Amino acid sequence: MTWLGLGFGWLLAQLPFTLQMQLGKMIGLIMRKASSRRVKIAETNLKLCFPDKSQDEIQKLINANFESVGIAVMETLISWWSSPSKLKSRVTIEGLEYLENAVKEKHGVILLGAHYTTLEIAGKLLAIFYTHFDALYRQHKNPVFDFVMYKRRKTYCEDVIERGNMREMLRSLKKGRTIWYAPDQNYGAEHSVFVTFFGIPAATITATSRLAKMTQSKVVPFSHQRIDNQRYVLRIYPPLEDFPSEDITEDTQRINHIIENEILNMPEQYLWSHRRFKTRPDGLPPVY
């Protein structure tokens, strides 16, 4: 059944782009109506992070967010099975020179990202301009889906590393390679510190600072945005200065602030249905 579903996905990937976006919006609407649990998580997160927004504004943002998530489903199919030539005219990149110059220093580069809804297609788009990067992935329970996801992602990057494989990440960075890394999800208290995310205490993994310190790697912020459901902008920023510092908590807070600033540019294009505040400091009640 999984193979049949993936075959249908391949067919959808061959459709005209405008139709794919329309289908994505429909998928988002269905997800919005069918997944009350995810809607509630997104609503909780948005109320915590944007306390000044009215209930009406929150609901509009939830609707736009699920539309974006539905489009992301179609973008996944596009990134796995469409030709880059189909996308080249739809993408612009800003700041590529920052990444290229960082690579020239012969140390590793951590391309600092986050879980924006354009995450999957952004790898395919980045590969149009720069192919020498390793992507991380979360192993899927379904072995067929996991196999296909791994193989398709490897068509547009040098290697695909399981997100918990720190040894492989270190090996890659020590070879002077680039790793695309998104440290903005809740991985529990282990290897995390509590810093704020939009003013709310959030268990945040410290791996970015630790990896940079152990390998002398540059940390280069990276974001990606869908514009009017028609085109994309990739943004690469200058490497972080004085990073890592001697204070790993300060480093981790700094990363959260960078991600916050990007989210504010496109709040509907962030994965709000993730339980970002699941792990709470001692004494604070659960929020989900």
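Numbers here simply count residues along the sequence, with the first being 1. Computed over heavy atoms, backbone and side chain alike; hydrogens, waters and symmetry mates excluded. This structure is a prediction, so every number in the text was calculated from the model and none was measured.
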What distance separates [X] [atom1] from [Y] [atom2], expressed to the nearest 0.5 Å?
X: Q185; Y: R138; atom1: CD; atom2: CZ; answer: 7.5 Å
X: E94; Y: I236; atom1: CD; atom2: CD1; answer: 10.0 Å
X: Y156; Y: I121; atom1: OH; atom2: CD1; answer: 9.5 Å
X: M74; Y: S79; atom1: CE; atom2: OG; answer: 10.5 Å
X: K213; Y: S245; atom1: NZ; atom2: OG; answer: 7.5 Å
X: L234; Y: I128; atom1: CG; atom2: CD1; answer: 8.0 Å

Excluding sequence neighbours, so at least two apart, what forms side-chain contact (heavy atoms from CB on, under 4.5 Å) with [X]?
X: P143; result: none
X: Q139; result: Y137, D146, E162
X: T215; result: L170, L173, K174, S217

Under 6.0 Å from the [atom1] atom of [X], do we count more than 12 heavy atoms belonging to anything else shown?
X: F8; atom1: CZ; answer: no
X: Q55; atom1: CD; answer: yes
X: K218; atom1: NZ; answer: no
X: K86; atom1: NZ; answer: yes

Audit row: T279, Y187, side chain to side chain donor-acceptor pair (under 3.5 Å) steps and yes/no | CA-CA 8 Å; T279 304; Y187 297 115; over 6 Å; no

Result for side-chain hydrogen bond (donor to acceptor under 3.5 Å, both in side chains) between Q225 and one of Q269, R231, R235 points to R235

Between the main-chain N or O of [Y] and the side-chain N or O of [X], is there a donor-acceptor pair closer than 3.5 Å?
X: D184; Y: A114; answer: no
X: N256; Y: T196; answer: yes
X: R177; Y: E158; answer: no
X: S192; Y: G188; answer: yes
X: Q14; Y: W10; answer: yes

Going only through I, L, V, M, F, W and Y residues with side-chain contacts under 4.5 Å, is there a path from [X] to [Y]?
X: Y181; Y: F133; value: no
X: V193; Y: I255; value: no
X: M31; Y: M26; value: yes
X: F66; Y: Y288; value: yes
X: L46; Y: F277; value: yes

For [X], ring pair (Phe, Tyr, Trp, His ring centres under 6.0 Å) partners two or more places apart:
X: F222; answer: W180, H224
X: H107; answer: none
X: F198; answer: F50

Tell me, do [X] and [Y] make a side-chain contact under 4.5 Å, heavy atoms counted?
X: L29; Y: N63; answer: no
X: H132; Y: T178; answer: no
X: R226; Y: M266; answer: no

Checklist entry - F194 and T252: side chain to side chain contact (heavy atoms under 4.5 Å, CB included), yes or no, with the steps? => result CA-CA 9 Å; F194 281 103; T252 308; over 6 Å; no

> Got a salt bridge between K104 and E100, using NZ or NE/NH1/NH2 to carboxylate O under 4.0 Å?
Replying inline: no

Residue pairs passing the ring pair (Phe, Tyr, Trp, His ring centres under 6.0 Å) test with at least one member in residues 230-252, sequence neighbours excluded, are none

Contacts of type salt bridge (Lys or Arg N to Asp or Glu O under 4.0 Å), residue [X], not counting sequence neighbours:
X: R171; answer: E168
X: R153; answer: E120
X: E67; answer: none

Indicate the atoms forming the closest heavy-atom contact of [X] with [Y], along with that distance.
X: L211; Y: M169; value: CD1-SD, 4.2 Å
X: E262; Y: S223; value: OE1-OG, 2.7 Å
X: S82; Y: A13; value: OG-O, 3.0 Å
X: I78; Y: K124; value: O-CE, 4.4 Å
X: T204; Y: P183; value: CG2-O, 4.0 Å
X: A127; Y: T131; value: O-CG2, 3.2 Å

*Step-by-step side chain to side chain contact (heavy atoms under 4.5 Å, CB included) determination, V73 to T76*: CA-CA 5 Å; V73 173; T76 297; 5.7 Å; no

Would W80 and F145 satisfy ring pair (Phe, Tyr, Trp, His ring centres under 6.0 Å), going step by step from the backbone distance to the final call? CA-CA 12 Å; W80 286 5; F145 187 87; 5.6 Å; yes

Students should find that the hydrophobic cluster of I227, defined by side-chain heavy atoms under 4.5 Å apart, otherwise consists of V233

Any side-chain donor paired with an acceptor under 3.5 Å for [X] and [Y]?
X: R275; Y: N186; result: no
X: T118; Y: E75; result: no
X: Y270; Y: N45; result: no
X: R90; Y: Q230; result: yes

Hits for side chain to side chain donor-acceptor pair (under 3.5 Å) against T249, two or more places apart or cross-chain, chain-then-number order -> none

(request) Compute the centroid of each ring, for Y116 and then for W272, and state whether the two points are separated by less than 6.0 Å. (result) no

Inset, instruction - With side chain to side chain contact (heavy atoms under 4.5 Å, CB included) as the test, would you mind laying out the steps for I71 and T117 before giving the verdict? - result: CA-CA 8 Å; I71 290 172; T117 56; over 6 Å; no

_Would L240 and R254 count as a side chain to side chain contact (heavy atoms under 4.5 Å, CB included) here? Give the steps._
CA-CA 10 Å; L240 300 185; R254 185 179 177 186; 3.9 Å; yes

